[in-house]
Each structure stands twice: as C-alpha cells, then as structure tokens.
Participant: 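I have a structure I would like to understand better, so I am pasting it below and will then ask my questions one at a time.
The chain is numbered in sequence order, starting from 1. Both backbone and side-chain heavy atoms feed into the values below; hydrogens, waters and symmetry mates do not.
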Amino acid sequence: MSKVWFVTGSSRGLGRDFVEAALSRGDKVAATARNTASLDELVATYGDAVLPLEMDVTDKAAVFEAVKRAKQHFGRLDVIVNNAGYAMIGAIEELTEQHLRDQLETNLFGAVWVIQAALPYLREQGAGHIIQMSSAAGLMAFPLGGAYHVSKWAVEALNESLAQEVADFGVKVTIIEPGGFATRNGKNPDPLANGHMAEPDPAYDALRLRIAGIAGKQPAGDPAAAAQTLLKIVDSDNPPLRVLFGLGFYPMIQQVYADRLKTWADGQDLSAQAHGNLDQEER
C-alpha cells in the first residue's frame, strides 16, 4: 500500500530528493515550503499525488493548519519528515541573541510544532513513522558551529524521548544523521557549510583559516542513494532509532565517544568525591 508523507523543507536539498523518491514509487506527499512556486515542477510531473503547502515551520499556527490540511486531503498520514533547517555559523562570542533564537525557532521549535500537530493523527491510526533530520553535527561539536550544534543536539534528545513515549501507540521514530551530501543546491561536504554567517570578529580570523583548511575534506554522499535508503527505512517493520547517512564521519564519531567514555572513567575519583559519604536515605 502506498504511503502518505508530510515533508518540511521540500524545495531543496535532501528534502527535495526524499519527496521525489517517494512520489516516483507511487506514494503521495504533502510537500511544504516557504514558497510553493519551488514545487511547481513536482505538481506538473506528479499531479494530485503531491499537495504543495506554503508553510514556515517557525509559525506554529501555520504548521498545525498545514498538517490538518494534509490529513484532510489524503485521509491519513504515514511518514512525517522533519527536514526544514539551516546552520548558523559563528564563534560563540560572535553570536547575537537573535542568531540563537532564530536557529532554535527553526531547527528545534519547528520540529516540535510538526510533531505535536501530527501525533494526534498518528495515535488515532495506531501507526506512523516520524523521521527527524539531525546531522553528524548533532553528535559532536566543531568550532564556529555552536548555535547549530545546540539545535541539533536538542532534536537528538527530543526524538529519543519521543520514541519511548509513542512506541505503545504504534508510532516509530528514526533520527537521520547525515554528513555532507552533494545536493542540487550545491551543499558542501562540510556539515556546517552553507549556513548563515555571524559578523566576524577579527580575534577568530586565525581559527576560521584553520577550519577552512580542513572543511569539506569528508567525501560527499549521493542524495539519490540517501533517498532510496530512507524509503527502505520507512518500509521496515523494525526501523532503527538512529542512522548515520554517509560514511565519512563514522570514524570521527567513534573517537569522540571513546574520548568521552575515557574522560568520565578518568574522573571517577572526582565523581566519588562529589558524591560524598552520605547514603541517599541520610540526605
């Protein structure tokens, strides 16, 4: 049976490839974008199988209305893809309050609004699959990416909790963690590239030069292959909670997690000291 998808950020990047892959195999898609003119080609090709919806994920009311329209139009929702997002690039000292708020409004709160709007329908059906696009940047941190990392680490935790909350309702959750993909909008293999840039402080110019020298050296993935892999995941009876898309960052992530475990192990004396000698009951 064909599936009904609701995909945010459908106009470009991996979101566009996901939409086209779903449509090309006969599924139906409610495709959202801030400007639906970017979806005209999809409508011309796939007709009524695609429902273009103008929506900004930062507008909570618009998100709830779009999800409602999609459910009314297609009769059900099977796959929810939280894909909309961007990267804010800048040293912590360079970030303004508005930079941080805007980053979280899109990457975190936008995802929350979509989940909250869709869940009542999925619970009623007793089935559904929420796909959260995170990033390799949701698993480790680089200089100049603090704002983006905050947002992606947050959606990692959000969806890990969500998966445990909705399992009894028959709803599945998968967090996709891509590295860099050579999408049609020219994404750099660097997971922090193609972002919004804070006004640079000369104090960080040397750091920027060092980062520029190593950025983009991870191999770019094939977005068409990523889209086909996502189809396999949503068709699975037992999909994984997390999947890295692309191979380049796995060795780095292995080292990051090994270093964290070692740091905690090395600090066990401090952990014991911090615990003190009182038993829990005495507290």
Side-chain angles (χ1 to χ4, degrees), residues 3-10 14-15 18-19 22 29-32 53 55-68 70-71 74 76-87 101 103-141 147-178 191 226 229-245 253 257:
K3 289 181 169 62
V4 176
W5 298 56
F6 183 94
V7 183
T8 68
S10 297
L14 285 175
F18 295 160
V19 168
V29 180
T32 81
L53 294 169
M55 189 192 83
D56 185 331
V57 293
T58 65
D59 184 339
K60 181 179 179 181
V63 170
F64 273 72
E65 180 60 27
V67 172
K68 180 181 177 181
K71 169 62 165 60
F74 289 122
R76 64 181 291 112
L77 297 172
D78 300 303
V79 183
I80 309 297
V81 183
N82 258 328
N83 171 71
Y86 72 95
R101 290 186 180 278
Q103 181 76 104
L104 292 172
E105 284 288 346
T106 297
N107 292 10
L108 175 59
F109 285 98
V112 172
W113 306 149
V114 172
I115 290 167
Q116 290 184 343
L119 260 181
Y121 300 122
L122 304 187
R123 283 193 292 102
E124 182 182 11
Q125 294 169 179
H129 198 161
I130 295 171
I131 303 293
Q132 174 67 57
M133 297 304 294
S134 179
S135 169
L139 302 171
M140 53 188 175
Y148 185 57
H149 290 304
V150 166
S151 71
K152 290 302 184 182
W153 286 40
V155 296
E156 290 272 343
L158 177 81
N159 282 271
E160 185 168 329
S161 292
L162 176 69
Q164 297 170 69
E165 294 168 358
V166 301
D168 289 344
F169 303 128
V171 178
K172 303 165 187 173
V173 177
T174 298
I175 306 165
I176 305 294
E177 299 147 337
T229 303
L230 183 60
L231 295 182
K232 183 177 181 179
I233 289 169
V234 301
D235 288 343
S236 172
D237 292 331
N238 187 29
L241 173 62
R242 285 184 167 88
V243 184
L244 283 168
F245 269 21
I253 292 167
Y257 277 79

Participant: From Ile80 CD1 over to Leu119 CG, what is the distance, rounded to the nearest 0.5 angstrom?
Facilitator: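 The distance works out to 8.5 Å.
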Participant: More than 12 foreign heavy atoms under 6.0 Å from CD of Glu124: is that the case here?
Facilitator: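 Counting other residues, nucleotides and ligands, CD of Glu124 stays at 12 neighbours or fewer.
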Participant: Determine whether Val57 and Met55 make a side-chain contact, defined as any pair of heavy atoms from C-beta on separated by less than 4.5 Å.
Facilitator: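 With C-beta onward as the side chain, the pair touches.
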Participant: Enumerate the residue pairs fulfilling ring pair (Phe, Tyr, Trp, His ring centres under 6.0 Å) with a member in residues 105-141, sequence neighbours excluded, ordered by first and then second residue.
Facilitator: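 Non-adjacent pairs meeting ring pair (Phe, Tyr, Trp, His ring centres under 6.0 Å): Phe109-Trp113.
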Participant: Give a yes or no on whether the backbone of Gln103 and the side-chain of Tyr86 come within a donor-acceptor separation of less than 3.5 Å.
Facilitator: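 Side chain of Tyr86 to backbone of Gln103, a donor-acceptor pair under 3.5 Å: yes, one is there.
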Participant: When rounded to the nearest 0.5 angstrom, what distance separates NE2 in His149 from CG in Leu139?
Facilitator: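 The distance works out to 10.5 Å.
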Participant: Considering non-hydrogen atoms only, spot the tightest contact between Lys172 and Asp237 and give its length.
Facilitator: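 Residues Lys172 and Asp237, closest heavy atoms: NZ-O, 3.4 Å.
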Participant: Does any part of the side chain of Val173, heavy atoms only, come nearer than 4.5 Å to the side chain of Gln132, both counted from C-beta?
Facilitator: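 Result no, sub-4.5 Å side-chain heavy-atom pair not found.
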Participant: Which pair of non-hydrogen atoms, one from Asn83 and one from Gly9, has the smallest distance, and what is that distance?
Facilitator: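 Smallest interatomic distance, heavy atoms only, reads ND2-O, 2.9 Å.
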Participant: Do Lys3 and Asp235 have side chains that get closer than 4.5 Å, going by heavy atoms?
Facilitator: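 With C-beta onward as the side chain, the pair touches.
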Participant: Where is the tightest heavy-atom contact between Ala70 and Leu77, given as atom of each residue plus distance?
Facilitator: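 Where Ala70 meets Leu77 most closely, the heavy atoms are CB-CD2, 4.0 Å.
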Participant: Closest approach of Val19 and Ser10, non-hydrogen atoms and distance?
Facilitator: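 Taking Val19 first and Ser10 second, the nearest heavy atoms are CG2-OG, 3.5 Å.
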Participant: Do the side chains of Leu230 and Leu14 get nearer than 4.5 Å, heavy atoms only?
Facilitator: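 No, too far: nothing below the 4.5 Å cut-off.
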Participant: If I take atom CD1 from residue Ile233 and atom CG from residue Asn238, how far apart are they, to the nearest 0.5 angstrom?
Facilitator: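 CG of Asn238 is found 12.0 Å from CD1 of Ile233.
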Participant: Can you find a heavy atom in the side chain of Leu158 that is under 4.5 Å from one in the side chain of Ile115?
Facilitator: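 The answer is yes; the side chains approach within 4.5 Å.
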Participant: What is the distance from atom CD1 of Ile175 to atom OG of Ser135, rounded to the nearest 0.5 Å?
Facilitator: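 It is 12.5 Å, given to the nearest 0.5 Å.
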Participant: Is the closest basic N to carboxylate O distance between Lys152 and Glu177 below 4.0 Å?
Facilitator: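 No, Lys152 and Glu177 are not salt-bridged.
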Participant: Looking at Ile131, is its backbone amide N or carbonyl O close enough to the side chain of Thr174 to form a donor-acceptor pair, meaning the two atoms are under 3.5 Å apart?
Facilitator: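 No, because the side chain of Thr174 does not come within donor-acceptor range (under 3.5 Å) of the backbone of Ile131.
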Participant: Going by heavy atoms in the side chains, are Arg76 and Asp78 under 4.5 Å from each other?
Facilitator: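 A side-chain contact under 4.5 Å exists here.
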Participant: Applying side-chain contact (heavy atoms from CB on, under 4.5 Å), run through Phe64 and Gln116 and close with a yes or a no.
Facilitator: CA-CA 8 Å; Phe64 273 72; Gln116 290 184 343; 3.8 Å; yes
Participant: Listed by chain and number, what are the side chain to side chain contact (heavy atoms under 4.5 Å, CB included) partners of Ser161, not counting sequence neighbours?
Facilitator: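 Counting only residues at least two positions away or on another chain, Ser161 forms a side chain to side chain contact (heavy atoms under 4.5 Å, CB included) with Glu165.
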Participant: Ser134 vs Glu156, test: side chain to side chain donor-acceptor pair (under 3.5 Å). Steps then yes/no.
Facilitator: CA-CA 7 Å; Ser134 179; Glu156 290 272 343; 2.8 Å; yes
Participant: Where the side chain of Trp153 meets the backbone of Tyr148, is there a donor-acceptor pair that is under 3.5 Å apart?
Facilitator: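 It does not hold such a pair.
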Participant: Measuring from atom OG1 of Thr58 to atom CZ of Arg101, what distance do you get when rounded to the nearest 0.5 angstrom?
Facilitator: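 Thr58 OG1 to Arg101 CZ: 14.0 Å, rounded to 0.5 Å.
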Participant: Give me the atom names and distance for the closest heavy-atom approach of Gly110 to Asn82.
Facilitator: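 Heavy atoms of Gly110 and Asn82 come nearest at O-OD1, 4.2 Å.
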Participant: CD/Glu160 to CG/Leu241 distance, rounded to the nearest 0.5 angstrom?
Facilitator: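 Between atom CD of Glu160 and atom CG of Leu241 there are 6.0 Å.
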Participant: Can you check whether Thr32 reaches Val114 side chain to side chain, under 4.5 Å on heavy atoms?
Facilitator: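 No, every pair of side-chain atoms sits at 4.5 Å or beyond.
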Participant: Would you indicate whether the side-chain heavy atoms of Leu122 and Phe169 approach each other to under 4.5 Å?
Facilitator: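 Heavy-atom side-chain distance check fails, nothing below 4.5 Å.
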Participant: Please give me the minimum heavy-atom distance between Met133 and Phe18, naming the atom from each residue.
Facilitator: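 Met133 and Phe18 have their closest heavy atoms at SD-CE1, 3.7 Å.
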